Amino acid sequence: MSNRTLILTDTLYDYVLGHSLREHPAQAALRAATRGHERASMQISPEQGQFMALLVKLMGARNAIEVGVFTGYSALSVALALPPEGRLVACDISDEYTSVARPFWQQAGVADKIDLRLAPAQDTLQSLLNDGEAGLYDFAFIDADKVGYDGYYEACLQLLRPGGLIVLDNTLRDGRVAMRAEDPDTAALQALNIKLREDLRVDLSMLPISDGVTLARKR
Ligand code: CA
């Protein structure tokens, strides 16, 4: 028995997946298609995708934002959890990476829910704000360039309704946040983690799952 989070051995991790993972065939196929990719570690873990899908369903979310699509697994997970009229604005700058995603979004029947915007995410988020969409979104997932996180967080906080949820990925940076920062990405997340700790605009939970997942609920 332990009152702190377990160290996850390979055996225990396999057990977790073996006893909880429920993937759509398109999700499994997309993971397989990304496995050999040079930047495959940018894909979220499947249990994280399933966790975010559960959050989306718990909230009854309809309008969602994703900052950082890569090959589209997290977008697929969220889109599958949205209702038929749901919409996910998915922001990325890479046509190459996101083009991997499209056939699998089609296979899962969610391509129509995903509004992919190929542009710097901060520009896309600002355009949503300019279009008067502040307060209209329920859920946002931020998983892109770490130096940009703070700006994405601030824009998403404006776009979310009260009670909406921002999920931030990689907030533990392989444990490097607890050490002296030696790269700008880690330094950016250290600063953001300190800011979030004190940010009374949100309710907060930092989860040591995957590479660190922080949940911030807009008050
Ligand atoms: Ca990530």
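Bear in mind that the values here come from a model prediction, so they are computed numbers and not experimental data.
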**Student:** Just verifying a value: how many Å separate Thr98 OG1 and Leu118 CG, rounded to the nearest 0.5 Å?
**Tutor:**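 Interatomic distance, Thr98 OG1 to Leu118 CG, rounded to 0.5 Å: 4.5 Å.
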
**Student:** Is it true that atom CD of Glu85 has more than 12 heavy atoms of other residues, nucleotides or ligands lying nearer than 6.0 Å?
**Tutor:**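 Atom CD in Glu85 is crowded, with more than 12 foreign heavy atoms closer than 6.0 Å.
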
**Student:** Search all heavy atoms of Ala144 against all heavy atoms of Tyr149 and return the closest pair with its distance.
**Tutor:**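 Scanning both residues completely, I find the closest heavy atoms to be O-CE1, 3.3 Å.
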
**Student:** Between CD1 of Ile114 and CG of Leu76, what distance do you get to the nearest 0.5 Å?
**Tutor:**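 Ile114 CD1 to Leu76 CG: 6.5 Å, rounded to 0.5 Å.
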
**Student:** Crowded around Arg201 CZ? As in, over 12 foreign heavy atoms under 6.0 Å?
**Tutor:**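 Counting neighbours around CZ of Arg201, more than 12 heavy atoms of other residues, nucleotides or ligands fall under 6.0 Å, so yes.
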
**Student:** Only counting residues at least two apart or in another chain, list the ones meeting ring pair (Phe, Tyr, Trp, His ring centres under 6.0 Å) with Tyr97.
**Tutor:**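 With neighbours one apart ignored, the set is His37, Phe70.
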
**Student:** Which heavy atom in Lys113 sits nearest to a heavy atom in Ala79, and how many Å separate them?
**Tutor:**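 Distance-wise, the nearest heavy atoms are NZ-O, 2.8 Å.
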
**Student:** Any side-chain heavy atom of Glu133 sitting closer than 4.5 Å to one from Asn63?
**Tutor:**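 With C-beta onward as the side chain, the pair stays apart.
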
**Student:** Any salt bridge linking Asp185 with Lys146? Criterion: basic side-chain nitrogen under 4.0 Å from a carboxylate oxygen.
**Tutor:**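 Lys146 and Asp185: not salt-bridged.
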
**Student:** Report yes if the side chains of Phe139 and Leu88 come closer than 4.5 Å at any heavy-atom pair, otherwise no.
**Tutor:**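 In short, these two side chains do not touch, never coming nearer than 4.5 Å.
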
**Student:** Determine yes or no for a side-chain-to-main-chain donor-acceptor pair under 3.5 angstrom, with Asp150 supplying the side chain and Leu192 the backbone.
**Tutor:**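 Not a single qualifying donor-acceptor pair exists.
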
**Student:** Using a 3.5 Å distance criterion without hydrogens, assess whether the side chain of Gln43 forms a donor-acceptor pair with backbone atoms of Arg35.
**Tutor:**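 Side chain of Gln43 to backbone of Arg35, a donor-acceptor pair under 3.5 Å: no, none is there.
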
**Student:** I'd like to know whether Tyr153 forms a side-chain contact (heavy atoms from CB on, under 4.5 Å) with Asp199, so could you lay out the CA-CA distance, the side-chain angles of the two residues, the decisive distance to 0.1 Å, and finally the verdict.
**Tutor:** CA-CA 12 Å; Tyr153 170 74; Asp199 191 342; 2.8 Å; yes

**Student:** Is any side-chain heavy atom of Tyr152 closer than 4.5 Å to a side-chain heavy atom of Asp145?
**Tutor:**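 They are in contact (side-chain heavy atoms under 4.5 Å apart), so the answer is yes.
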
**Student:** Hey, could you give me the OG/CG distance between Ser41 and Asp174, rounded to the nearest 0.5 Å?
**Tutor:**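 It is 8.5 Å, given to the nearest 0.5 Å.
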
**Student:** Output a table of donor-acceptor pairs, distance under 3.5 Å, between side-chain atoms of residues 45-61 and any protein atom two or more places apart or on a different chain; print 'none' if there are none.
**Tutor:**
unit_1	atom_1	unit_2	atom_2	d
Ser45	OG	Glu47	OE1	3.4
Ser45	OG	Glu47	OE2	3.3
Ser45	OG	Gln48	N	3.4
Ser45	OG	Ser210	OG	2.8
Glu47	OE1	Tyr13	OH	2.9
Glu47	OE2	Tyr13	OH	3.2
Gln48	OE1	Ser210	OG	3.1
Gln48	NE2	Asp169	OD1	2.9
Gln50	OE1	Arg22	N	2.8
Gln50	NE2	Ser20	O	2.8

**Student:** My understanding is that only one of Gln158, Arg161, Arg87 makes a side-chain hydrogen bond (donor to acceptor under 3.5 Å, both in side chains) with Tyr137; could you say which?
**Tutor:**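 Testing Tyr137 for a side-chain hydrogen bond (donor to acceptor under 3.5 Å, both in side chains) against Gln158, Arg161, Arg87 leaves exactly one candidate, Arg87.
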
**Student:** In this structure, are over 12 heavy atoms from other groups packed under 6.0 Å from Ile93 atom CD1?
**Tutor:**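 Open.
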
**Student:** Between Leu82 and Leu116, is there shared hydrophobic-cluster membership here, with clusters defined by ILVMFWY side-chain heavy atoms closer than 4.5 Å?
**Tutor:**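 Yes, Leu82 and Leu116 fall within the same hydrophobic cluster.
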
**Student:** With rounding to the nearest 0.5 angstrom, report the CZ to OG1 distance, Arg31 to Thr71.
**Tutor:**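 The CZ atom of Arg31 sits 11.5 Å away from the OG1 atom of Thr71.
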
**Student:** Leu189 and Met179: same hydrophobic cluster, using ILVMFWY side-chain contacts below 4.5 Å?
**Tutor:**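 In one cluster: no.
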
**Student:** Could you tell me whether the side chain of Arg219 and the main chain of Leu200 form a donor-acceptor pair under 3.5 Å?
**Tutor:**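 Side chain of Arg219 to backbone of Leu200: a pair is present.
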
**Student:** Is it true that, when you exclude Asp112 itself, more than 12 heavy atoms of the residues, nucleotides or ligands shown sit nearer than 6.0 Å to its CG?
**Tutor:**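 No, not enclosed.
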
**Student:** Would a 4.5 Å heavy-atom cut-off, applied to side chains only, mark Leu204 and Thr214 as touching?
**Tutor:**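 Yes. Closest side-chain heavy atoms under 4.5 Å.
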
**Student:** Quick one: does Leu196's side chain get under 4.5 Å of Leu168's, heavy atoms only?
**Tutor:**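 Yes - at least one pair of side-chain heavy atoms lies under 4.5 Å apart.
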
**Student:** Looking at CZ of Arg176 and CD of Glu182, how far apart are the two atoms once the value is rounded to the nearest 0.5 Å?
**Tutor:**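 One gets 9.5 Å once the value is rounded to the nearest 0.5 Å.
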
**Student:** Quick check: closest heavy atoms across Tyr73 and Gln27, and the distance to 0.1 Å?
**Tutor:**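 Here Tyr73 and Gln27 meet closest at CE1-O, 3.4 Å.
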
**Student:** Compare all side-chain heavy atoms of Leu172 with those of Met206 and state whether any distance is below 4.5 angstrom.
**Tutor:**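 They are in contact (side-chain heavy atoms under 4.5 Å apart), so the answer is yes.
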
**Student:** Does a side-chain heavy-atom distance below 4.5 Å link Lys218 with Leu157?
**Tutor:**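 Side chain of Lys218 against side chain of Leu157, heavy atoms only: contact under 4.5 Å found.
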
**Student:** Could you check whether the rings of Tyr15 and His19 sit parallel, tilted or perpendicular, using 30° and 60° as the cut-offs?
**Tutor:**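 Taking His19 first and then Tyr15, their aromatic rings lie parallel (interplane angle under 30°).
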
**Student:** Quick check on Asp10: does its CG atom have over 12 non-hydrogen neighbours (other residues, nucleotides or ligands) under 6.0 Å away?
**Tutor:**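 No, CG of Asp10 has 12 or fewer neighbouring heavy atoms, counting only those of other groups under 6.0 Å.
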
